[in-house]
Peer 1: 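I'd like to ask you about the structure that follows.
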There are 2 protein chains.
Amino acid sequence: MRDVARHAGVSPKTVSNVMNGYPYIREATRTKVLASIDALGYQMNISARNLKSGRTGIIGLAIPELSLPYFGELADAVIEAADEHGLTVMIEQTGADRDRELTVLNRPRGHLVDGLLYSPLGLGQDDIGQLNTNTPMVLLGERIFHSPVDHVMIDNVGGTKAAVEHLLQLGRRRIAVLGVHPGEKVGTASIRYGAYASALTDHGVRVPEELAFPAGRWHRSTGAEATERLIATGEKFDAILGLNDTLALGAVRVLTRHGYRIPDDVAVVGFDNIDETLYSTPTLTTVDPGRTQIARNAVELLVKRMAGDDSEHEEIVAPYQLHIRESTAG
Amino acid sequence: MRDVARHAGVSPKTVSNVMNGYPYIREATRTKVLASIDALGYQMNISARNLKSGRTGIIGLAIPELSLPYFGELADAVIEAADEHGLTVMIEQTGADRDRELTVLNRPRGHLVDGLLYSPLGLGQDDIGQLNTNTPMVLLGERIFHSPVDHVMIDNVGGTKAAVEHLLQLGRRRIAVLGVHPGEKVGTASIRYGAYASALTDHGVRVPEELAFPAGRWHRSTGAEATERLIATGEKFDAILGLNDTLALGAVRVLTRHGYRIPDDVAVVGFDNIDETLYSTPTLTTVDPGRTQIARNAVELLVKRMAGDDSEHEEIVAPYQLHIRESTAG
DNA sequence: TTGAAAGCGCTAACAC
DNA sequence: GTGTTAGCGCTTTCAA
């Protein structure tokens with residue numbers, strides 16, 4: 001910067017002003033400085049500015065796995081939203097394991113990020129104490145009650161209930177569930193399972209515990225395995241609720257291979273509305289959690305917090321939408 | 001850091017030494033300092049270190065779109081590989097548009113990244129001049145000949161030829177191609193299309209130009225549209241080569257809807273071996289470009305360059321593998 | 001093995 | 001409108 005200043009015959013401060021779009025500069029000066037910047041190929045050193053300002057313009061996004069389509073699509077949406085605020089996104093993968101989630105959460109970031117968007121899968125009420133409140137943070141997706149941080153939530157309960165009620169309306173009563181996490185009291189798995197159970201109960205249908213199949217990670221492969229186990233039990237079932245789309249798609253694959261007709265023999269529903277569900281065979285009925293909306297809201301909320309707003313924390317629930325497709329509608 | 005030093009009764013330099021694992025420190029001193037760090041909840045300010053050292057420990061990864069499964073999976077692999085070297089990854093989305101790719105390439109990064117992994121889709125020979133050589137850079141995926149930077153390449157030619165030869169061995173002669181970029185001389189689309197054409201020619205089969213269908217972005221949706229156009233022409237065809245998996249999966253969807261049997265009427269092949277191809281109906285025959293390998297090699301190469309190695313630039317071609325699945329094998 | 005002093009490149013505060 | 005001064009938190013000499 002000194003070099004640029006010398007080259008343009010001005011002071012470093014003037015160069016700084018030009019770089020930062022400070023308005024009160026004579027046009028001639030600005031032009032001269034810009035020319036020098038160009039001539040010398042000067043690039044501002046962001047670290048230096050960060051050091052001075054204490055802010056980096058980077059926000060963190062902690063998600064389980066980028067290779068899961070839902071999170072890939074979410075990350076895409078977050079990056080776009082952040083971009084509109086001039087922020088850069090740094091992605092951290094947590095691997096969907098509670099211990100690793102906590103590690104990531106508490107990892108010293110060395111003031112590298114100004115704020116954190118955090119999408120926990122297995123964290124819950126008991127872990128609230130861990131939520132380090134010295135960096136601004138917004139929680140994505142998960143509902144943890146009474147926590148001291150902002151949330152932008154998927155409507156897990158509403159969405160799951162809508163999906164289950166859709167199956168009930170089709171006359172299905174033996175609805176299997178894939179992806180439960182037995183013993184887990186909080187987190188997406190238990191919330192969606194709880195909503196499933198209460199939807200059944202509300203409609204006077206017994207909750208068939210023999211039809212709940214665990215899957216730690218919500219991949220196609222684990223959905224496929226769970227479905228194999230389901231079939232192996234010999235239990236009757238006329239529908240499958242995958243707690244997310246990839247589980248459901250794994251199920252579709254196994255059902256097809258075993259000769260089940262979808263939806264005639266078995267109706268299948270997922271959750272997330274990933275792009276793939278529009279092109280699978282059959283196309284998959286699923287709940288759209290409002291990804292783009294969530295990303296937008298979350299970034300805006302975080303920006304507000306980073307700007308120093310310390311009003312009461314907010315909880316925003318994005319509206320869900322049930323998309324009925326071939327896997328339930330023939 | 002001053003506070004920690006005072007608290008521990010040592011100098012800042014000693015604290016710095018402890019933080020950086022400098023070996024010649026008396027055990028007692030180290031313990032004392034660590035205790036103080038803990039007591040004060042001290043976090044090193046990375047910006048300050050960066051300013052001094054001129055390095056940030058961050059590498060950039062520029063890819064078209066995170067929501068495309070291939071790039072999600074690639075990014076995942078790169079993050080893991082970078083992690084092993086203690087590096088953090090910053091993802092930039094280019095949107096698979098040549099102009100935006102150039103913009104991203106030349107965007108001033110303000111010394112924020114120590115190096116860049118760059119996965120261009122539409123860039124080619126003519127753009128080599130643009131390759132800013134002042135940050136270490138490794139190109140991913142694409143082959144640009146005679147460029148002055150390192151490459152870790154997909155074996156586009158070998159992989160595509162293997163796929164086409166597989167179709168020829170099945171007796172297919174009317175092989176449609178989805179995803180070509182007419183007029184583009186370089187980039188993945190033209191390389192794969194070229195390999196397809198030469199595989200046909202090698203086997204004495206005429207290249208059916210009436211069966212090449214463009215698709216700018218390689219999504220399921222564009223693959224589906226291209227297939228609709230293909231069917232609408234009334235041309236006969238007995239196989240489809242999607243220039244990537246998502247295109248092929250879009251095609252599968254449309255073929256199925258139109259009552260074509262796969263592979264009996266039409267065999268389908270993709271490229272990338274994304275997870276989804278193992279679970280689609282039918283499962284998709286595809287070329288595995290060696291994603292993990294590519295990520296590993298690329299990060300290692302970049303680390304070497306960042307360490308100042310300025311030997312002749314390298315070109316590494318990752319070995320491909322053809323996975324034959326239901327979409328061609330019944 | 002540890003400490004003191006200087007400076008990385010920038011900006012905030014204030015002077016001109 | 002523009003220049004001067006000081007200091008952000010760390011590491012790099014060099015000295016003790």
Side-chain angles (χ1 to χ4, degrees), chain A residues 1-37 40-58 86 88 108-114 134-135 306-308, chain B residues 1-37 40-58 86 88 108-114 134-135 306-308:
Chain A
M1 188 180 257
R2 252 213 325 274
D3 296 342
V4 174
R6 197 174 312 138
H7 187 272
V10 298
S11 82
K13 172 62 184 161
T14 303
V15 179
S16 169
N17 282 340
V18 170
M19 293 292 292
N20 293 299
Y22 182 69
Y24 304 113
I25 302 180
R26 214 179 318 148
E27 202 42 45
T29 317
R30 185 199 304 284
T31 318
K32 206 168 48 181
V33 171
L34 287 174
S36 299
I37 285 174
L40 301 182
Y42 166 73
Q43 286 198 201
M44 168 118 105
N45 183 320
I46 301 222
S47 294
R49 170 198 282 184
N50 296 161
L51 178 56
K52 189 69 194 168
S53 65
R55 312 175 14 64
T56 61
I58 303 175
T88 319
R109 286 186 184 67
H111 308 200
L112 187 63
V113 300
D114 294 337
N134 65 23
T135 12
M306 295 188 318
Chain B
M1 187 179 254
R2 255 216 321 277
D3 296 342
V4 174
R6 198 175 312 138
H7 187 273
V10 299
S11 82
K13 167 61 183 163
T14 304
V15 178
S16 169
N17 282 340
V18 170
M19 294 290 295
N20 293 300
Y22 183 70
Y24 305 113
I25 301 180
R26 216 178 317 146
E27 202 42 45
T29 317
R30 182 198 308 282
T31 318
K32 206 168 49 181
V33 171
L34 287 174
S36 298
I37 286 173
L40 300 183
Y42 166 73
Q43 286 197 201
M44 167 114 108
N45 184 319
I46 301 222
S47 294
R49 168 194 284 184
N50 295 162
L51 177 55
K52 193 64 195 169
S53 64
R55 317 180 3 73
T56 61
I58 303 175
T88 319
R109 286 187 183 67
H111 308 200
L112 187 63
V113 300
D114 295 337
N134 66 22
T135 15
M306 295 187 319

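A note on names: the letters A, B, ... follow the listed sequences, proteins ahead of strands, and every chain is numbered from 1. Computed from a predicted structure; not experimentally measured.
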Peer 1: Heavy atoms from C-beta onward define the side chain here; which of C:dG9, D:dC10, C:dG3 lies closest to that of B:L51?
Peer 2: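 Closest nucleotide among those given: C:dG9.
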
Peer 1: Between B:I58 and A:L112, does the side-chain contact (heavy atoms from CB on, under 4.5 Å) criterion hold? Intermediate values first, please.
Peer 2: CA-CA 11 Å; B:I58 303 175; A:L112 187 63; 4.2 Å; yes

Peer 1: Measure the distance from CG on A:L40 to P on C:dG9 and round it to the nearest whole Å.
Peer 2: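 Taking CG of A:L40 and P of C:dG9, I get 14 Å after rounding.
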
Peer 1: Round to a whole Å and report the spacing from CG of B:N17 to P of C:dT1.
Peer 2: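 It works out to 11 Å between those atoms.
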
Peer 1: Looking at DNA chain D, which of residues 24-36 of chain A put a heavy atom within less than 4.0 Å of it?
Peer 2: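 The stretch gives A:Y24, A:I25, A:R26, A:T29 as the residues lying under 4.0 Å from the strand, ordered by number.
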
Peer 1: To the nearest Å, how far apart are B:N45 CG and C:dG9 C1'?
Peer 2: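 Going from B:N45 (CG) to C:dG9 (C1'), I get 14 Å.
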
Peer 1: Give the rounded distance in Å between these two atoms: NZ of B:K52 and P of C:dC10.
Peer 2: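 Whole-Å distance recorded here is 14 Å.
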
Peer 1: Show your reasoning for whether side-chain contact (heavy atoms from CB on, under 4.5 Å) applies to B:M1 and B:S16.
Peer 2: CA-CA 8 Å; B:M1 187 179 254; B:S16 169; 3.8 Å; yes

Peer 1: Nearest 0.5 Å please: distance from the OG atom of A:S47 over to the CG atom of A:L51.
Peer 2: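 These two atoms lie 8.5 Å from each other.
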
Peer 1: Compare side-chain N and O positions of A:S16 against OP1 and OP2 of C:dT11 and report whether any pair is under 4.0 Å apart.
Peer 2: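 Indeed, a polar side-chain atom of A:S16 lies that close.
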
Peer 1: Which atom names give the shortest non-hydrogen contact between A:T135 and A:V113, and what distance separates them?
Peer 2: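 That closest heavy-atom pairing would be CG2-O, 3.9 Å.
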
Peer 1: Find the distance B:I37:CD1 to D:dG9:P and express it as a whole number of Å.
Peer 2: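 In whole Å, D:dG9 P and B:I37 CD1 are 16 Å from each other.
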
Peer 1: Would you please say whether a donor-acceptor pair under 3.5 Å links the side chains of B:T56 and B:D114?
Peer 2: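 Yes, B:D114 and B:T56 have a side-chain donor paired with an acceptor closer than 3.5 Å.
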
Peer 1: Could you check which of D:dC8, C:dT11, C:dG3 has an atom nearest any side-chain atom of A:M1?
Peer 2: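 Side chain of A:M1 sits closest to C:dT11.
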
Peer 1: Please state how far atom CZ in A:R2 lies from atom P in C:dC8, giving the value in whole angstrom units.
Peer 2: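 These atoms are roughly 6 Å apart.
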
Peer 1: Look at the side chain of A:Y42 and decide which nucleotide, out of D:dG9, D:dT4, C:dC10, has an atom nearest to it.
Peer 2: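 So the nucleotide nearest the side chain must be C:dC10.
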
Peer 1: Rounding to an integer number of Å, can you tell me how far B:N50 CG sits from D:dT12 P?
Peer 2: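 From B:N50 CG to D:dT12 P: 13 Å.
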
Peer 1: Heavy atoms from C-beta onward define the side chain here; which of D:dG7, D:dG9, D:dT4 lies closest to that of A:S11?
Peer 2: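 For the A:S11 side chain, the nearest candidate turns out to be D:dT4.
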
Peer 1: To the nearest Å, give me how far apart CZ (B:R55) and C1' (C:dG9) are.
Peer 2: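 For the pair B:R55 CZ and C:dG9 C1', the rounded distance is 18 Å.
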
Peer 1: Closest to the B:Y22 side chain: D:dG7, D:dT11, C:dT2?
Peer 2: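 Nearest to the side chain of B:Y22 among the choices is C:dT2.
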
Peer 1: From C:dA4, C:dT2, C:dC10, pick the nucleotide closest to the side chain of B:T14?
Peer 2: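 Nearest listed nucleotide: C:dT2.
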
Peer 1: Are the side chains of B:R49 and B:N20 in touch, meaning some heavy atoms are under 4.5 Å apart?
Peer 2: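 The answer is yes, as the side chains (C-beta and beyond) meet within the 4.5 Å cut-off.
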
Peer 1: Under 4.0 Å between any heavy atoms, over every strand shown, what does A:N20 touch: base, sugar-phosphate, or nothing? Just pick one.
Peer 2: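 Sugar-phosphate contact only.
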
Peer 1: Show your working on side-chain contact (heavy atoms from CB on, under 4.5 Å) between A:M19 and A:I37 and close with a plain yes or no.
Peer 2: CA-CA 9 Å; A:M19 293 292 292; A:I37 285 174; 3.4 Å; yes

Peer 1: Taking the minimum atom-to-atom distance to the side chain of B:K13, which one of D:dT12, D:dC10, D:dG7 wins?
Peer 2: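 The closest nucleotide is D:dT12.
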
